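The residues of the chain are indexed from 1 along the displayed sequence. Because the structure is a prediction, the values reported are computed rather than measured. Values reported hereafter were calculated over all heavy atoms of this structure, with side chains retained and with hydrogens, waters and symmetry mates removed.
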Amino acid sequence: MSRLPAAVVTMAVAAALAVGAALGLVALLDATPAQPNTPLITYQNTGQSTGQNAGPSTGQSTGPNTRRSTDPSTAPSTAPSTGRER
């Protein structure tokens, strides 16, 4: 066999092997096992409604500092945090 037909046959066999390997790899990756439908996080109902404060029901603070500051520079910010505060 001359070199040119041998090179063509070799190239055709190599291409066929590459296509077969690619199709086999796709079939292998596509075959995923069945995954159970179980949640990762579960919440238990404790009888308390969400968003409610569990503090005293009288509306008065029980801490030592019951006065609120009227200085706006010391008031807590309601703006979202940027992570660059001092």
**Q** Look up atom CG in L40 and atom OG1 in T38, then write down how far apart they are to the nearest 0.5 Å.
**A**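 Nearest 0.5 Å value for the CG-OG1 distance: 6.5 Å.
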**Q** State which residues pass side chain to side chain contact (heavy atoms under 4.5 Å, CB included) with V26; sequence neighbours excluded, sorted by chain then number.
**A**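 Not a single residue meets the side chain to side chain contact (heavy atoms under 4.5 Å, CB included) criterion with V26.
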**Q** Under the 4.5 Å side-chain heavy-atom rule for ILVMFWY, direct or indirect, which residues accompany L23?
**A**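 In the cluster with L23 are V19.
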**Q** Taking the hydrophobic residues Ile, Leu, Val, Met, Phe, Trp and Tyr, and joining any pair whose side-chain heavy atoms are under 4.5 Å apart, which ones share a cluster with L25?
**A**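 L29, which link up through side-chain heavy atoms under 4.5 Å apart, make up the rest of the cluster.
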